[in-house]
Amino acid sequence: MKKWEENVRRVIPYTPGEQPDFADMIKLNTNENPYPPAPGVQERMKEMSAEELRLYPAPAADSLVEELAGYYGLKKEQVFVGVGSDDVLAMAFLTFFNSKKPVLFPDITYSFYDVWAGLFGILYVCQPLNERFEIVKEDYYKENGGVVFPNPNAPTGVELPLSDIEDILRHNEDVVVIVDEAYIDFGAKSALELTEKYDNLLVVQTFSKSRALAGLRIGYAFGSQTLIKYLNDAKYSFNSYTMNRPSLALGVEALRDDAYFKETTAKIIATRERTKKELAALGFLSGDSKANFLFVTHPDYPAKELFEALRKRHIFVRYFAKPRIDNYLRITIGTDAQMDELIAFLKEYIRRDI
Ligand SMILES: *Cc1c(COP(=O)(O)O)cnc(C)c1O
C-alpha cells in the first residue's frame, strides 16, 4: 500500500442487483415496476425542452415538495426529497446517527444500511429476525443510538404491524427512528400517521417501485418540522441542487394520476397472490409478502441451483449468498405474462426429476 492510501476512507460498497440487457429477458431481480409510469409522465416528457436545462433547478424542490405535501395532507415543512430513497436514507444516517451508542437494525434487511454505517463511521448492532423472519420489537427496547428498519422488510416482504412500530417508538423517544417504506404501497400500513405523535420518527418512501420511476431517482421523507429542518441543513451543506429539473417536473406528474397508481399497484398485488399460490403448488414456501416481490425457498431444490438455471433462460431473480437466506430467492412481481413464463419454466424444471 502506498503511503497516501493510508488516509483513504476505504469502504466495501453496496452491490446493486445486476442490470442485464437481453431482448428476451424477464427481469425480476431489482423490484422494478413491470408497468410504465403514469401516462401524464410521458406527455410531460414530450413537452420538455433542453432549454430548461440551462438553469439550475429550485434548490428546495418546491414544486415536488408541495405536491407531496398536498397528496399526503402535510405541511411542506414536513417533507424532504432526495435522489431516490437511497440518497434520503444516506442523508438521514449522516444527520441523525451521530451517537456513541450503536444504531439497531435487523440482521436480515436492506444491505445498504451497514454500508452507510461503515462509510459514516456509525456503530451498529444487528438484531436477529425470528424464525418466521419477523422483527422482534422487544429487541429494539435496549439503549441505542438510533433505529432503522424497512417496513415491509426487504428482502423478506414481511410487514411489522403499526402497533408494534408504535411500541418501538414508545421505547425510543430519545433517538431518531427511521422507517424505510420503499414497498409500503403494496399492502402494508404506513407509519405516516405516527409522525404527528412522534417528532423523532422519519418515514422514507420512493417513486422507484410503486410509481414505476426507478430511472428518475426520486425519494422522499416525512417527519416533524424539526426533523426535516435538520435533514435540509445537512443536505444544503453537502449539495444544494440534488433534484434535477426533469425529475421535479415528471415527479409531480406521477403524483397527479392517482387512479393509474391505484390500478397498477392493485394489479401487482393480485399477480403476487396468484403467483404465490402457483409457486406453493410446486412446493415452494414463502411468507406473507406485502411487497412487490416474493421471498421463496424450496425444500428439494437449492436456491442457488434454481437461480443459475433461471439465469440461463434469461429469467433474472435475486439470490443473496448470505447467512440464513442463502437458500432463498427473491422474485420481483412482473406482469401476468412474465409470471406465467416463470411458472412454466419452474414446472418443467421440477417435473424433470419426477
Ligand atoms: C429499493 C429500496 C430502496 C431504494 O430505492 P431508491 O430507488 O433509491 O428510491 C430503499 N430501501 C429499500 C428497502 C429498498 O428496497
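Both counts, for ligands and for their atoms, begin at 1 and track the order of listing.
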Quiz prompt | H171 and its ring-ring contact (aromatic ring centres under 6.0 Å, His included) partner, picked from Y140, Y141, Y198 | solution = Y141

Practice problem: Identify which one of F307, F133, F284, Y319 satisfies the ring-ring contact (aromatic ring centres under 6.0 Å, His included) criterion when paired with Y328. | Solution: F133

Practice problem: From the options V88, D180, N153, select the one whose nearest heavy atom is closest to atom 12 (C) of ligand 1. | Solution: D180

Quiz item: Can K267 be said to sit on top of Y35's aromatic six-ring, NZ or CZ under 6.0 Å from centre and within 45° of the ring axis?
Solution: yes

Exercise. Do me a favour and list the nearest non-hydrogen protein atom to atom 14 (C) of ligand 1 with residue, atom name and distance?
Key: K209 NZ, 3.0 Å

Exercise. Would you mind running through ligand 1 and noting each atom that sits below 4.0 Å from a heavy atom of A182?
Key: 2 (C), 11 (N), 12 (C), 14 (C)

Self-check item: Enumerated ligand 1 atoms positioned under 4.0 Å from heavy atoms of G84
Solution: 8 (O), 9 (O)

Quiz item: Looking at F345, is R313 sitting on its ring face, NZ or CZ under 6.0 Å from the six-membered ring centre and within 45 degrees of the normal?
Solution: no

Quiz item: Just checking, any donor-acceptor pair under 3.5 angstrom between side chains of D86 and Y110?
Solution: yes

Quiz item: What residue and heavy atom of the protein are closest to atom 15 (O) of ligand 1, and at what distance?
Solution: Y183 OH, 2.5 Å

Quiz item: With respect to F112, which candidate in Y14, F105, F93 satisfies the ring-ring contact (aromatic ring centres under 6.0 Å, His included) definition?
Solution: Y14

Exercise. Could you tell me the residue and atom name of the protein heavy atom closest to atom 7 (O) of ligand 1, and the distance to it rounded to 0.1 Å?
Key: S208 OG, 2.5 Å

Quiz prompt | N or O pair under 3.5 Å between T206 and ligand 1 | solution = yes

Quiz item: In the protein, which heavy atom is nearest to atom 8 (O) of ligand 1, and how far is it?
Solution: R217 NH2, 2.7 Å

Quiz item: Can you tell me the protein heavy atom closest to atom 5 (O) of ligand 1 and the distance?
Solution: S85 OG, 3.2 Å

Quiz item: Cation over ring, R211 on F261, under 6.0 Å and within 45°?
Solution: yes

